[in-house]
Structures are given as structure tokens and as C-alpha cells.
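Step one of this worksheet: look at the structure below.
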Amino acid sequence: MNIQELKVRVENEIKHQHTKVNEIVEYNQEKVLQAFQKLKVSDSHFTPTTGYGYDDFGRDTLEALYAEIFYAEDALVRPQLISGTHAITTALFGVLRPGEELLYISGEPYDTLREVVGSEESGDTGSLIDFGIRYQAVPLDKTGTFSKDKIEKAINQHTKVVAIQRSKGYEDRPSFTINDIEDIIKFVRGIKHDVIVFVDNCYGEFVEAKEPIEVGADLIAGSLIKNPGGGIARIGGYIAGKQKLIEKCSYRLTAPGLGKETGASLNSLQEMYQGIFLAPHVVGEALKGAIFTSKFLKEFGFDTKPAFDVKRTDLIQSVNFNTADQMVRFCQSIQKASPVNSHVKPEPSAMPGYDDEVIMAAGTFIQGASLELTADGPIRPPYTAFVQGGLTYAHVKLAVVQAVEQLMKADTLEGVIK
């Protein structure tokens, strides 16, 4: 069987999974559409503001829209939030005070957030620890699930925020489904009912029919160059949750006393509105691509997680390679199959916030956009590339097939179908 015949067979075998994705897309699309209609969004809401941004009703309505879609009391949606890490940092600094504790119960957060938390070795960077905020992380158990015994022991009188990272990030563990999150929130509330539950929602928006706030989370945050930006928002982040917590976050974003009243939207509003409207569809395209990637690469003996027929809660598809060279070549092939900078050859290099060199294939229209097709990861065993995003399913399929063909030509695959 040749590689094109294999592609056809794989597509036939994943039809059932694609049908399930289509059902979730339609459900979430209807939810988003109804929110737009309820808030009577009009083209006047796309008018930009400058300077202080007082009386920016387009910005205010956009934030009400996010609150409606994510079942929150309030939201911050701003171009001044430059990334998911920034949105999460703003949320944590907004609600935590010196002497209080941040407890991550999903293991250590990913590399960039470890710098936000800080350590004795990180120096005076203005991290949470620098401001006298306590921190501890509860490791997951051997199966990659929440360790309830350890969580119960870790929660104490100083614990103010319990944080959950929904997506696995660069870790070799399952991402947490909404059902997983609901179960652990109930468990945590049984130990300390007034704790603030924060969920890092990056990569998870619109993948399932529910979002974390619907199952008990108090606060969530994410990036607009990931799922909710729909592939067209050029910058931005969001924080959504309880109104009193959003108010505190707004004081951290701007200044005490100013809060949500300031912050010009500049020329970002139309793409943010249109992006959140397109998001359910584009997320569905990326999910279909991830399912294809998992099944197709599994045929060549690669260890792919999650498996093609497993329930998904984020966009991340991990692929384990035998060697660093194989991983690097795969990522370079994804870059070569990109619409932007296809002529550029990415190489492993140091990157702020990461302990290991990182290879990053990202031929994207928007720099760093994770809803567009990318393949990246730190160069460390088990040499895992994280393949994520894709504005269209067709592009993901073409890129992955071409990447395998490039590996075959380079004789870096053993025992493959030829």
C-alpha cells in the first residue's frame, strides 16, 4: 500500500470521530450565535477608541459577550493582554495577596509559568514568590490523574487559589476533560469551600460542549491567538469568572481605581468579534486534523497521544520520536508545508522561559498563533513534538502527509510503508 492509499484508509477509519466533532461544533456555534443576538451586536461595536478608552462600548459589549458564552459573571478581553501567560499572570496577581498560597493540583505548570511563580534561584524578577505569595504544586499520580490524597494534605489555611492546568502543555500526561475538572472541583470544595478555583483554559475552548465555569470554576483565562481568536485575532487574552474577581484582575491589568473603565481597543474589535464567532468552526477543523494526525502517524509506529478514538478536551496532539534528529526533521517538514515562511528552516534554540532548547515550526499568519498549525517542543527525551492547531482540516492533512514523505526520503523511518 502506498502513502496516498493509506491516507484514504485512515480517513475512512476516523469518520465516526469527525462526526462527533461536527456535533460539538454545531452546539458551540449555536451558543455563540445566540450570545451575539442576545447582546444585539452591531457594526457600531467595531468602532475603535484611542487614548484612555473611556466609554468604549464595543470593548464593554465584547466582554459581556465572553461572559455570556463562558457562563461567567464578567470578563476582561483586551489587546493589552499579550498572551495566555500574561492573562494567567494577571489573574493570579489580581486575586492573590502576600501570605496567601497558590496551589497547583495538576502538577507543575508549564515552563513559562514557572518563571511567573518564581523560585529562590530565579532572582528578583517580580514573581509571585518575590511578593511573599506562597506556592506549592501537587504532582499527579502515576496514571497522570489528580492525586486526591496528596491534594487533601496540601490544602491548608493559607491556600487561597487552587489552580488547574487543563491542557497537558509539554508534559507526558492526559489533558483534563470537563468531567475530570468537575469531579476535582467538587472534591476541593469539600475540603475548603471558599477557595478560589482557577483553570488555565488555554487550548481547551470550544473543544467540548461545556467550559470550566459551568462545572464550578471561579476564574478562567486564555489567549486570543489560540482557540477563541478564531485564527484572525492578532493579539489579546481573556479572563472570565466571578465579577468580584474580575474587578481585582482589572486593577492588576490597569491600576487600582481605574480597572475596566480604561484601555483603548484601538483597531482590534472587529477581528475579536469575528474571531470568537468563527472559533467553534476553526477549533473543529483543528480537532479533525489532530485526529487524523494521531491515526496516520500511529500507522508508522509512532506513539501518539491522545489516540485517535479517545475523547478530546484540547487541541494538543503529541507524537513521540525515537531520536532528537527525527523530531527535528518532522518539525522542519511541517514548517516546509506551511503557507507562511515555508522556505525557513527552524533549528533548536534557547527560548525565554524554557530550560531546554526548543524546536518550533510555526509558519503562521500571526506570530505564535497556536490555533494555526504548529509543531514544537523542547529537545529532551522522549523527544515529543506537540502538533497543534490548523485553520483548515485539509491543510493539516496535507502537511502531515508531506512531513512523513520527507522523513521517508531522508531514510529516517524504519519499517514504514513504501
- Taking all non-hydrogen atoms of both residues, which atom of P348 and which atom of V328 are closest, and how far apart? CG-CG2, 3.7 Å

- Item | salt bridge (Lys or Arg N to Asp or Glu O under 4.0 Å) evaluation trace for D218 with R189 | CA-CA 12 Å; D218 299 301; R189 295 267 187 239; 2.8 Å; yes

- Do D130 side-chain atoms and T125 backbone N/O form a donor-acceptor pair below 3.5 Å? yes

- Task: Would you please say whether a donor-acceptor pair under 3.5 Å links the side chains of E101 and T159?
- Result: yes

- Message: Contact between H395 and P339 at the side-chain level, heavy atoms closer than 4.5 Å - yes or no?
- Response: yes

- Donor-acceptor contact present, side-chain T364 to main-chain I366, <3.5 Å: yes

- Message: Working note: V207 + I24, criterion side-chain contact (heavy atoms from CB on, under 4.5 Å); need CA distance, chi angles, decisive distance, verdict.
- Response: CA-CA 7 Å; V207 175; I24 293 174; over 6 Å; no

- Gap between atom CZ of R166 and atom CG of D314 - 0.5 Å precision: 7.5 Å

- Between the main-chain N or O of P48 and the side-chain N or O of D56, is there a donor-acceptor pair closer than 3.5 Å? no

- Indicate yes or no: does K210 engage E182 in a salt bridge with an N to O separation below 4.0 Å. no

- Please assess V95 against K160 for the test side-chain contact (heavy atoms from CB on, under 4.5 Å), listing each intermediate value before the final yes or no. CA-CA 9 Å; V95 301; K160 178 69 173 293; 5.6 Å; no

- Check whether any side-chain N or O of Q80 sits under 3.5 Å from a backbone N or O of A264 as a donor-acceptor pair, and report yes or no. yes

- Atom pair CD1 (I191) and CD1 (I151), whose distance is rounded to the nearest 0.5 Å: 7.5 Å

- Message: Restricting to non-hydrogen atoms, name the atom on D376 and the atom on A361 that form the minimum distance, rounded to 0.1 Å.
- Response: CB-N, 4.5 Å

- Message: Quick test of your reading of the model: are K20 and E23 salt-bridged, counting only N-O distances below 4.0 Å?
- Response: no

- Item | Polar side chain donor-acceptor pair, R312 to Q317, under 3.5 angstrom | yes

- Please determine, by modelled atom types, if S318 and K168 share a side-chain donor-acceptor pair under 3.5 angstrom. yes

- Salt bridge between K295 and E299, side-chain N to carboxylate O under 4.0 Å? yes

- Message: Quick check: do F146 and F187 have side-chain heavy atoms less than 4.5 Å from each other?
- Response: no

- Message: When you measure from the side chain of E271 to the backbone of R234, do you find a donor-acceptor pair of N or O atoms at a distance under 3.5 Å?
- Response: yes

- Derivation of the side-chain hydrogen bond (donor to acceptor under 3.5 Å, both in side chains) call for T143 and T145: CA-CA 6 Å; T143 65; T145 56; 3.0 Å; yes

- Rounded to the nearest 0.5 Å, how far apart are CD1 of I82 and CG of L224? 13.0 Å

- Judged by atom type as modelled, is there a donor-acceptor pair below 3.5 Å linking the side chain of T374 to the main-chain atoms of A362? no

- Task: Among F330, F300, Y383, F386, find the one that has a ring pair (Phe, Tyr, Trp, His ring centres under 6.0 Å) with F321.
- Result: F330

- If you take all heavy atoms of R114 and P109, which pair is closest and at what distance? NE-O, 2.6 Å

- Query: Taking atom types as modelled and ignoring hydrogens, do the side chains of S44 and S42 form a donor-acceptor contact shorter than 3.5 angstrom?
  - Reply: yes

- Salt-bridge present (D149, K153; N to O < 4.0 Å): no

- Message: If you take the centroid of each ring, where Trp contributes its six-membered ring, are Y238 and F70 closer together than 6.0 Å?
- Response: yes

- Query: When you measure from the side chain of H45 to the backbone N and O of V41, does any donor-acceptor pair fall under 3.5 Å?
  - Reply: no

- Would you say the side-chain atoms of T177 and N179 include a donor-acceptor pair closer than 3.5 Å? no

- Query: Do L371 and I225 have side chains that get closer than 4.5 Å, going by heavy atoms?
  - Reply: no

- Query: What heavy-atom pair brings C202 and S223 nearest, and what distance separates the two atoms?
  - Reply: SG-N, 4.2 Å

- Item | Q388 side-chain N/O to E372 backbone N/O, donor-acceptor pair under 3.5 Å | no

- For E30, look at atom CD and say whether over 12 heavy atoms of other residues, nucleotides or ligands are found less than 6.0 Å away. no

- Message: Can a donor-acceptor pair be found, under 3.5 Å and without considering hydrogens, that links the side chain of R59 to the backbone of G263?
- Response: yes

- Message: So if I apply the side chain to side chain contact (heavy atoms under 4.5 Å, CB included) rule between Y135 and each of L103, V161, V117, which one comes out positive?
- Response: V117

- Task: List the steps and the verdict of side-chain contact (heavy atoms from CB on, under 4.5 Å) for F206 and L287.
- Result: CA-CA 10 Å; F206 303 117; L287 283 173; over 6 Å; no

- Side-chain touch I276/F36, heavy atoms, less than 4.5 angstrom: yes

- Can you find a pair of side-chain heavy atoms, one from Q165 and one from R173, that are under 4.5 Å apart? yes

- Does the side chain of F176 come within less than 4.5 Å of T313's, by heavy atoms? no

- First locate atom CD of E108, then atom CD of Q136, and finally report the distance between them rounded to the nearest 0.5 Å. 10.5 Å

- Message: To the nearest 0.5 Å, what is the distance between CG on L102 and CG on L113?
- Response: 9.5 Å

- Item | Heavy-atom side-chain proximity of I3 to F296 below 4.5 angstrom | yes

- When you measure from the side chain of K192 to the backbone N and O of N156, does any donor-acceptor pair fall under 3.5 Å? yes

- How close do G230 and L278 get, heavy atom to heavy atom, and via which atoms? O-CB, 4.4 Å

- Message: Is it the case that over 12 heavy atoms from other parts of the model lie below 6.0 angstrom from the NZ atom of K260?
- Response: yes

- Note on the structure: Nearest heavy-atom contact between L62 and Y273 is N-OH, 3.0 Å

- Quick one: do the N22 and K288 side chains pair a donor with an acceptor below 3.5 Å? yes

- Any salt bridge between K226 and E205, counting N to O under 4.0 Å? no

- Criterion side-chain contact (heavy atoms from CB on, under 4.5 Å) on K242 and L219, from CA distance to verdict: CA-CA 7 Å; K242 291 185 176 179; L219 205 60; over 6 Å; no

- Message: I need the I105 CD1 to I184 CD1 distance, nearest 0.5 Å.
- Response: 4.5 Å

- Assess whether atom CD of E347 is packed by more than 12 heavy atoms of other residues, nucleotides or ligands within 6.0 Å. yes

- Should V188 and V195 count as side-chain neighbours, where that means a heavy-atom distance under 4.5 Å? yes

